[in-house]
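To start, the structure itself, in structure tokens.
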Amino acid sequence: MEAWNKLSQMKPQEIKNLQEKKLKEMFQKEIPRHPYYREMLEAKGINASEMSGSGDLRQIPFTVKEDILPPDDRMHPWKFVLEAPSEEEQPKQKGGLLSKLLKKGEKEGGADEYRLSQLFYTSSRTGGKPVPLVFTIRDIENLKEAGNRSFNMWGFSRDDSVVNAFSFVPNISFWQQFHATMELGATALQTGGGRVIGAERIVTVMQNLEAQVLMTFPGYADFLMQSLVFFNVKVPELEAIVVGMEDAPQVLLDRISKNMEKAGAKDSRVYRTYFLSEAKVGWPECSPGNGYHVHPDHALVEIVDPETGEPKGEKEPGEIVVTNLDARGTVLLRFKSGDIATGGITYEPCPACGRAFPRILGDIDKKHYYYELNTSEGKKNLDFNNIRRKLFAYKELSQWYLEIKNEDGGDKLNLKIFPAQGAGENGLEEKLKSDLSGETGIPVDVENTSIEDTLNRIGMEKGITEKRIFDLREN
Ligand SMILES: [Zn+2]
């Protein structure tokens, strides 16, 4: 853990040196007690305690989800959990009797940093089984720290009232905000999101608390703000909304911000956080468009070609690969996330806040939003990240979901829509049809449906985030 002020003022080279130092410490002090990597390195004839930095890191193959949780071994994730050092290996506690009585020093270097504190799960966005990740006391400290640093970036203080409407599930999205608001001492209501108390009560809570800050996933923030405008409910104290868990394209941020204004909000700032469970913390954007600021003392990010694994140059799009630099409990080296940074990564200082943290730029696309479709020109791999963005850009759509079906031997799309208030007809269905079939090369049906059906189908108040695209083809 590095002091925030010091970290904020470091130059790019100092950040790089810090990451090299942390990586070396991870290799030499921790990885020899890591059951999976120890075995892997031994088999390759590599001695972890002799590895020194990012050059050596490249010798290690990527870790993918299936390595952690193979289909036939539910206990396998425990092989990724660091063993605690033996009594002799532990650093001796410094200080006299008083500091021992106050239990100082336990957080850093003592046995407690290895003690299991919470078990979290990945969001299983791919539809597969969620992967369990062990967080120790030290990891929770880092999670708290990451949340607090974000609040500091955004100018939140203990005088702010915060409504945490991330979904109450064992995932870092809800818990980073929980721990950070507790640490900050802000008035905070941990609602657990729509799945726990529903939209109406979240709005009531926002009004009663005179909340300045709302935190939730982007689809739900959009839904809540639309509802405020529809029912003409005002939230005059609201200043900022923090979104995370799903990628929020700029058009969606703009829409949320506009509806905040319509709902009488004092200010209409919207901030994004990129939660990658395996990184063990969420990374904030200081302001939209400036990239997710990777806490350089917590994790090392590489951007690689999703197919070949070759490293990409600065600002070149590619897959996000993460290595934990300061984790205990579950530790991952070179975890290939399945997330694509469309703008790559940059090491230039941020033009907005000046910090020299590595920044992940552009939208975060999901590899699992690529679908192979039978089009008129044969089989094609189509990017539904783009289609998702396109549909969010339609002002005339309040809610929507998309089904991929197979009918009469060919693939087709079925788009179900609930138009925005006052959107009228104006050939919306035709416009959507030609837009989507032009993009995909397969037939598209557009159908109106009720708001209840949409919310229910996309699970707006059921999961960690909503689901918009359903592949209903067999296999
Ligand atoms: Zn910045």
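In this text the structure is predicted, and so the values were computed from the model without any measurement. Computed from heavy atoms alone, side chains included, the values below leave out hydrogens, waters and symmetry copies.
Residues Q59 and D56 have side chains that bring a donor and an acceptor to within less than 3.5 angstrom of each other. Side-chain atoms of E66 and H76 form no donor-acceptor pair, as typed in the model, at a separation below 3.5 Å. Looking only at atom types and distance, the side chain of Y274 has no donor-acceptor partner in the side chain of E285 under 3.5 Å away. Side-chain atoms of D326 and N142 include a donor-acceptor pair closer than 3.5 Å. Judged by distance alone, the side chains of H293 and R355 never bring a donor and an acceptor atom under 3.5 Å apart. With hydrogens and angles left out, the side-chain atoms of T181 and Q190 include a donor and acceptor closer than 3.5 Å. Side-chain contact annotation: S8 with N5, donor-acceptor N/O pair under 3.5 Å absent. Side chain to side chain, D365 and Y370 fail the donor-acceptor criterion of an N or O pair below 3.5 Å. Using a 3.5 Å distance cut-off with no hydrogens or angles, the side chains of E145 and H298 do pair a donor with an acceptor.
Separation of the W400 and F392 ring centroids falls under the 6.0 Å cut-off. For F166 and F174, the ring centers are positioned 6.0 Å apart or more.
When atom types are taken as modelled, the side chain of E278 and the backbone of V322 share no donor-acceptor pair closer than 3.5 angstrom. Judged by distance alone, with hydrogens and angles left aside, the side-chain atoms of T122 form a donor-acceptor pair with the main-chain N or O of V131 at under 3.5 Å. In terms of modelled atom types and a separation under 3.5 Å, the side chain of E237 and the main chain of Q212 share no donor-acceptor contact. Without hydrogens or angle criteria, E246 side chain to K467 main chain gives no donor-acceptor distance under 3.5 Å. The main-chain N or O of D363 is found under 3.5 Å from a side-chain atom of T342 such that the two form a donor-acceptor pair. R359 contributes a side-chain N or O that, together with a main-chain N or O of N290, makes up a donor-acceptor pair within less than 3.5 Å. For D139 (side chain) and T136 (main-chain N/O), a donor-acceptor pair under 3.5 Å exists by modelled atom type. R334 contributes a side-chain N or O that, together with a main-chain N or O of I60, makes up a donor-acceptor pair within less than 3.5 Å. Between the side chain of Q28 and the main chain of S49, a donor-acceptor pair closer than 3.5 Å is present. Counting only distance, with no hydrogens or angles, the side chain of T191 and the backbone of G193 share a donor-acceptor pair below 3.5 Å.
Checked against side chain to side chain donor-acceptor pair (under 3.5 Å), T187 has no partners two or more places apart in sequence or in another chain. The side chain to side chain donor-acceptor pair (under 3.5 Å) check on R38 picks up E83, with sequence neighbours excluded. In this structure H34 satisfies the ring-ring contact (aromatic ring centres under 6.0 Å, His included) test together with Y37, F80, sequence neighbours excluded. Legend: residues meeting ring-ring contact (aromatic ring centres under 6.0 Å, His included) with W78, ordered by chain and number and at least two apart, are absent. Every residue was checked against the side chain to side chain donor-acceptor pair (under 3.5 Å) condition with T330, not counting sequence neighbours, and none meets it. Remark: E20 engages S54 in a side chain to side chain donor-acceptor pair (under 3.5 Å) (not counting sequence neighbours). Considering only residues two or more places apart in sequence or on other chains, Y369 meets the ring-ring contact (aromatic ring centres under 6.0 Å, His included) condition with none of them. Not a single salt bridge (Lys or Arg N to Asp or Glu O under 4.0 Å) links E316 to another residue, sequence neighbours left out. Every ring-ring contact (aromatic ring centres under 6.0 Å, His included) that W154 has, sequence neighbours left out, goes to F156, Y271.
For the pair K6 and E14, the salt-bridge criterion is not met [side-chain N within less than 4.0 Å of a carboxylate O]. Using a 4.0 Å cut-off between charged nitrogen and carboxylate oxygen, E439 and K390 count as a salt-bridge pair. With respect to the salt-bridge test (charged N to carboxylate O, under 4.0 angstrom), the residues D383 and R388 do not qualify.
Residue pairs meeting the salt bridge (Lys or Arg N to Asp or Glu O under 4.0 Å) criterion with at least one partner in residues 154-181, sequence neighbours excluded, do not occur; the list is empty. Contacts classified as salt bridge (Lys or Arg N to Asp or Glu O under 4.0 Å) and involving residues 68-82 (residues at least two apart or in different chains) are not found. Within the structure, the salt bridge (Lys or Arg N to Asp or Glu O under 4.0 Å) test picks out the following pairs touching residues 181-195 (sequence neighbours left out): K144-E183.
Other residues, nucleotides and ligands contribute over 12 non-hydrogen atoms within 6.0 Å of the CZ atom of F470.
Here CG of L23 is found 11.0 Å from CG of N324. Values are rounded to the nearest 0.5 Å. In this structure, I137 CD1 and S117 OG are separated by 5.5 Å, a value rounded to the nearest 0.5 Å. Here the CD1-OG1 distance, from I303 to T346, works out to 11.0 Å after rounding to the nearest 0.5 Å. In this structure, E466 CD and D222 CG are separated by 8.5 Å, a value rounded to the nearest 0.5 Å. Note: M245 CE to I464 CD1 = 5.0 Å, rounded to the nearest 0.5 Å. Note that NZ of K16 is 9.5 Å distant from CG of L300, once rounded to the nearest 0.5 Å.
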For this session: Would you check, one step at a time, whether the test side-chain hydrogen bond (donor to acceptor under 3.5 Å, both in side chains) holds for Q399 with R468?
Result: CA-CA 9 Å; Q399 297 297 337; R468 300 270 179 181; 3.1 Å; yes

For this session: Determine, step by step, whether T323 and M26 satisfy the side chain to side chain contact (heavy atoms under 4.5 Å, CB included) criterion, reporting the C-alpha distance in whole Å, the side-chain angles of both residues, the deciding distance to 0.1 Å, and the verdict.
Result: CA-CA 10 Å; T323 293; M26 179 55 87; 5.8 Å; no

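Cation-pi geometry between K280 and F135 is met: the NZ or CZ atom falls under 6.0 Å from the ring centre, inside 45° of the normal.
Ring geometry for W175 against F178 counts as perpendicular: the plane angle is over 60°, on a 0 to 90° scale with 30° as the lower cut.
The only member of K367, K366, K312 that meets salt bridge (charged side-chain N to carboxylate O under 4.0 Å, His left out) when paired with E319 is K367.
Minimum heavy-atom separation, L69 to P77: CD1-CG, 3.8 Å. Here the closest non-hydrogen pair linking D67 and T63 is OD2-CA, 3.4 Å.
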